[in-house]
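See below for the structure under consideration.
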Number of protein chains: 2
Amino acid sequence: MINYTNILREHNLKATPQRLAIADELYKKGHISIESLYELMVNKFSSISLATIYKNINLMLENSFIQEIKIPYSKSVYELTQAPHSHLACEKCFAVEDITIDLNSIIDIITKESSFKITSTNLVLSGICENCQLG
Amino acid sequence: MINYTNILREHNLKATPQRLAIADELYKKGHISIESLYELMVNKFSSISLATIYKNINLMLENSFIQEIKIPYSKSVYELTQAPHSHLACEKCFAVEDITIDLNSIIDIITKESSFKITSTNLVLSGICENCQLG
DNA sequence: TTATTAAAGGATAAATATTATTTTTTATAT
DNA sequence: ATATAAAAAATAATATTTATCCTTTAATAA
Ligand SMILES: [Mn+2]
Ligand SMILES: [Mn+2]
Ligand SMILES: [Zn+2]
Ligand SMILES: [Zn+2]
């Protein structure tokens, strides 16, 4: 159980109980959609407003405390900011897994071939996760 | 000026003037957002309904006549279905360019390392396009 | 051609999703 | 402890997307 008080403050975000709970859920679940996060938060703060979720998600994004991952044919999920990495998205159960892939060779090739200056990469590989292959 | 009548029919879509115009704009512009497409279409069909845009985009997606591309920190854009490829997204002018990158080696590595079955890839490289580097 | 019909378009309502506003509460610094 | 700027809650307002209903039309077959 990590304490996110200082990490929030380092991102210029006041460490409110709601925000600590959001950070906690993101840490535990890894990747969460807005509506899932709201449901989880209602369990802890029965009177929490959906607007509080949205305001916090947007502020946390602006201050790079979290990142948004856009998934094809699905809702966006959010995660605590960490080292750049790619994602595996299950088309059946919609689970999202982290995967570290070295894309530097690809970036190098493009940088040589074109004059586009790449600042960040976003790779989502869709398919069927291990669990869903069994069922 | 390509005639999309038969291509639409091959995708089980009636070739209406509105759909032919949508196909035409997608062909000319390459990648268009919903709202841009609506603005373009209003020029050709002054009484077109926004619902017609949404219904057609959704039907065309279901029938694989077009594809959706989700762009980080930006609205989705749509394009005519073509061979799988990746995208360069300019963070300044929001232009989206096509780029063909061979991701097979990456897929192979993941297939060996994990038991996730990849069925499609989605790579968006964000940065600054050539034009925006000049200004 | 003309007739038939299922599908599509237009108008608009309804449902979702997101953001803004106002008041109350609270985290943080003094 | 106090002051204060920021955050939360409640709720209104927008924005986005989908559904409905009626009219029009593309596709098909007499
Ligand atoms: Mn991740
Ligand atoms: Mn493309
Ligand atoms: Zn799965
Ligand atoms: Zn640009």
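Proteins come first, then strands; the chains are lettered A, B, ... in the order of their sequence lines, and each starts at number 1. Every heavy atom of this structure was used, including side-chain atoms; hydrogens, water molecules and symmetry mates were not.
Here Lys55(A) does not reach the OP1 or OP2 of dA6(D): none of its side-chain N or O atoms lies under 4.0 Å away. Distances shown here put a side-chain N or O of Asn56(A) below 4.0 Å from the OP1 or OP2 atom of dA8(D). The phosphate of dA9(D) has OP1 or OP2 within less than 4.0 Å of a side-chain N or O from Gln18(A). In this model, the phosphate group of dT19(C) is approached by a side-chain N or O of Asn58(A) to a distance below 4.0 Å at OP1 or OP2.
Lys75(B) has its NZ atom 8 Å from the C1' atom of dA15(D), to the nearest Å. Per the geometry, CD1 belonging to Ile57(A) stands 15 Å off P belonging to dA17(C), to the nearest Å. One interatomic measurement links the two molecules: OH of Tyr38(B) to C1' of dA11(C), which rounds to 11 Å at whole-angstrom precision. Computed from coordinates, the Ile22(A) CD1 to dA7(D) P distance equals 12 Å when rounded to whole Å. Taking atom CZ of residue Arg19(B) and atom C1' of nucleotide dA27(D), one finds them 12 Å apart after rounding to whole Å. Atom-to-atom, NZ of Lys14(B) to P of dA27(D) comes out at 7 Å; the value is rounded to the nearest Å. Distance Asn12(B) CG to dA6(C) P: 17 Å, rounded to the nearest Å. Look at CG on Leu8(A): it is 16 Å from P on dA6(D), rounded to the nearest Å.
The main-chain N or O of Leu20(A) is never found under 3.5 Å from a side-chain atom of Asp24(A) such that the two would form a donor-acceptor pair. Judged by distance alone, with hydrogens and angles left aside, the side-chain atoms of Lys70(B) form a donor-acceptor pair with the main-chain N or O of Ser74(A) at under 3.5 Å. A donor-acceptor pair under 3.5 Å links the side-chain atoms of Gln82(B) to the main chain of Leu80(B), judged by distance alone.
Nearest-nucleotide assignment on DNA chain D puts the 5′-proximal partner with Ala51(A), out of Tyr54(B) and Ala51(A). Nearer the 5' end of DNA chain C, as judged by each residue's closest nucleotide, is the contact made by Leu13(B), out of Leu50(B) and Leu13(B). Looking at which nucleotide of DNA chain D each of Thr16(B) and Ser49(B) is closest to, the 5′-most match is held by Ser49(B).
Note that CG of Leu59(B) is 10.0 Å distant from CG of Asn12(B), once rounded to the nearest 0.5 Å. How far NZ of Lys14(B) is from CG of Asn56(B): 12.5 Å, rounded to the nearest 0.5 Å.
Within 4.0 Å (heavy atoms only), Ile34(B) reaches no atom of the nucleic acid at all.
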